[in-house]
Undergrad: 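The structure follows.
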Amino acid sequence: QVQLVESGGGLVQAGDSLRLSCVASGRTFSLYFMGWFRHAPGKEREFVAVINRNGGAINYADSVKDRFTISRNNAKNAVYLQMNSLKPEDTAVYYCAADRKDYIDYASKMASEYEYWGQGTQVTVSS
């Protein structure tokens with residue numbers, strides 16, 4: 001069982017930066033691949049970024065590539081999402097998610113492949 005708690009959301013202006021954090025409970029964090037997803041009103045939940053167990057495999061949605069950076073610190077049971085050059089269309093509730101596979105490089109973009117989810121943190125970007 002893994003519990004995830006996100007933080008770092010807020011209200012910012014277009015062009016600003018935010019850093020989201022997600023801290024996981026448990027002693028096996030390093031066995032989980034971690035994803036960030038977001039859900040805006042009236043839209044489907046959207047993949048944002050994913051990182052594998054050791055940080056060696058990372059993927060981003062095209063809409064955030066070159067602006068967002070995902071990273072993790074297994075010693076702190078934490079995954080981060082650094083968001084730069086924020087745009088109003090980035091406004092959403094951001095969720096971190098976790099799951100584990102035996103394959104070390106596994107890193108899924110599919111929300112259906114994640115068993116554990118945080119409660120979400122609101123990011124609002126004003127124009």
Side-chain angles (χ1 to χ4, degrees):
Q1 187 78 11
V2 175
Q3 292 184 322
L4 305 173
V5 179
E6 302 99 332
S7 62
L11 172 63
V12 296
Q13 293 186 331
D16 285 350
S17 298
L18 277 176
R19 188 192 195 211
L20 305 184
S21 299
C22 173
V23 178
S25 63
R27 295 176 291 178
T28 58
F29 178 74
S30 62
L31 298 180
Y32 290 79
F33 61 93
M34 302 295 298
W36 284 98
F37 294 80
R38 64 188 182 186
H39 192 188
K43 296 185 178 181
E44 298 284 325
R45 181 171 49 188
E46 178 186 21
F47 163 76
V48 176
V50 61
I51 187 167
N52 78 319
R53 289 160 51 178
N54 64 4
I58 290 173
N59 270 299
Y60 298 98
D62 289 342
S63 58
V64 307
K65 201 172 294 183
D66 298 327
R67 298 188 299 122
F68 290 12
T69 302
I70 189 172
S71 61
R72 67 187 296 160
N73 184 329
N74 286 345
K76 295 185 177 181
N77 279 17
V79 63
Y80 309 100
L81 187 68
Q82 177 66 42
M83 306 186 295
N84 299 330
S85 302
L86 281 161
K87 304 175 180 180
E89 50 264 43
D90 294 318
T91 295
V93 177
Y94 283 71
Y95 299 90
C96 71
D99 208 308
R100 59 184 290 182
K101 302 288 185 193
D102 291 336
Y103 181 46
I104 192 170
D105 288 336
Y106 200 85
S108 176
K109 300 179 182 181
M110 302 292 292
S112 59
E113 296 203 21
Y114 290 82
E115 181 173 0
Y116 303 104
W117 292 81
Q119 83 290 348
T121 185
Q122 176 71 47
V123 172
T124 303
V125 184
S126 64
S127 57

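Keep in mind that what you see is a predicted model, and the values were worked out from it rather than measured.
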Undergrad: Hey, does V23 have a side-chain heavy atom less than 4.5 Å from the side chain of K76?
TA: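 Contact flag for K76/V23 side chains = no.
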Undergrad: Determine the minimum heavy-atom distance between Y94 and V48, stating which atoms define it.
TA: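 The answer is CE2-CG2, 4.3 Å.
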Undergrad: Calculate, to the nearest 0.5 Å, the distance between atoms OG and CG belonging to S126 and L86 respectively.
TA: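 Here the interatomic distance stands at 10.5 Å.
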Undergrad: Which pair of non-hydrogen atoms, one from A92 and one from R38, has the smallest distance, and what is that distance?
TA: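 Where A92 meets R38 most closely, the heavy atoms are CB-CB, 3.7 Å.
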Undergrad: I'd like to know if K87 pairs up with D90 as an ion pair, taking the criterion as any Lys NZ or Arg NE/NH1/NH2 lying under 4.0 Å from an Asp or Glu carboxylate oxygen.
TA: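 Looking at D90 together with K87, the answer is no, because their closest N to O distance does not fall below 4.0 Å.
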Undergrad: Report the C-alpha distance between M83 and L20 in whole Å, list the side-chain angles of each, state the deciding distance to 0.1 Å, and finish with yes or no for side chain to side chain contact (heavy atoms under 4.5 Å, CB included).
TA: CA-CA 8 Å; M83 306 186 295; L20 305 184; 3.7 Å; yes
Undergrad: Looking at side-chain heavy atoms only, is the closest gap between S25 and Q1 below 4.5 Å?
TA: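 Contact flag for S25/Q1 side chains = no.
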Undergrad: For the atom pair CG (N54) and CG (D105), what is the distance rounded to the nearest 0.5 Å?
TA: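 Going from CG on N54 over to CG on D105, the span is 6.5 Å.
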Undergrad: Measure across A14 and S127 and return the closest heavy-atom pair with its distance rounded to 0.1 Å.
TA: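 Smallest interatomic distance, heavy atoms only, reads CB-CA, 4.4 Å.
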Undergrad: Compare every heavy atom of A40 with every heavy atom of T91, then report the nearest pair and how far apart it is.
TA: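 In terms of heavy atoms, the two residues are closest at O-CB, 3.5 Å.
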Undergrad: Check G120 against E6 and note the closest heavy-atom contact, atom names and distance.
TA: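 Looking at all heavy atoms of both residues, the closest pair is N-OE1, 2.8 Å.
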Undergrad: With a cutoff of under 4.5 Å between side-chain heavy atoms, which Ile, Leu, Val, Met, Phe, Trp and Tyr residues group with V50?
TA: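 Cluster partners of V50: F33, F37, F47, V93, Y95, Y103, Y106, Y114, W117.
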Undergrad: Drop me the distance from S21's OG to N73's CG, to the nearest 0.5 angstrom.
TA: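 If we round to the nearest 0.5 Å, S21:OG and N73:CG are 10.5 Å apart.
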Undergrad: Looking at residues at least two apart in the chain, or sitting in another chain, which of them share a salt bridge (Lys or Arg N to Asp or Glu O under 4.0 Å) with D99?
TA: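 None.
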Undergrad: Checking Q82 against S17 for the side chain to side chain contact (heavy atoms under 4.5 Å, CB included) test, could you report, in this order, the C-alpha distance in whole Å, the side-chain angles of both residues, the deciding distance, and whether it holds?
TA: CA-CA 7 Å; Q82 177 66 42; S17 298; 3.9 Å; yes
Undergrad: Please confirm whether the backbone N or O of G26 pairs with a side-chain atom of N77, one donor and one acceptor, at under 3.5 Å?
TA: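 Confirmed, N77 side chain pairs with G26 backbone.
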Undergrad: I'd like to check T124 versus V12 (side-chain heavy atoms, cut-off strictly below 4.5 Å). Are they in contact?
TA: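 T124 does not reach V12 side chain to side chain.
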Undergrad: Less than 6.0 angstrom from the centroid, inside 45 degrees of the normal: does R72 satisfy that with respect to the ring of F29?
TA: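 So R72 does make the cation-pi contact.
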Undergrad: Tell me, do M34 and R53 make a side-chain contact under 4.5 Å, heavy atoms counted?
TA: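 Not in contact.
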Undergrad: Return the minimal non-hydrogen interatomic distance between L4 and C22, and the atom names on each side.
TA: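 For L4 and C22, the tightest heavy-atom pair comes out as CB-SG, 3.9 Å.
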Undergrad: To the nearest 0.5 Å, what is the distance between CG (L81) and CG (L18)?
TA: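 Going from CG on L81 over to CG on L18, the span is 9.5 Å.
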Undergrad: Apply side chain to side chain contact (heavy atoms under 4.5 Å, CB included) to N52 and I58, showing your working.
TA: CA-CA 7 Å; N52 78 319; I58 290 173; 5.6 Å; no
Undergrad: For a 4.5 angstrom cut-off between non-hydrogen side-chain atoms, does I70 reach Y80?
TA: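 Sidechains of Y80 and I70: no contact.
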Undergrad: Can you tell me if E89 has over 12 outside heavy atoms packed within less than 6.0 Å of its CD?
TA: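 Buried by this count: over 12 neighbours within 6.0 Å.
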Undergrad: For the OG atom of S7 and the CD atom of Q119, what is their distance to the nearest 0.5 Å?
TA: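 The CD atom of Q119 is 8.5 Å from OG of S7, to the nearest 0.5 Å.
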Undergrad: Could you go through the side chain to side chain contact (heavy atoms under 4.5 Å, CB included) check for Y32 and V79 one step at a time?
TA: CA-CA 11 Å; Y32 290 79; V79 63; over 6 Å; no
Undergrad: Under the salt bridge (Lys or Arg N to Asp or Glu O under 4.0 Å) rule, collect the residues that match up with D102, sequence neighbours excluded.
TA: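 Here no residue qualifies.
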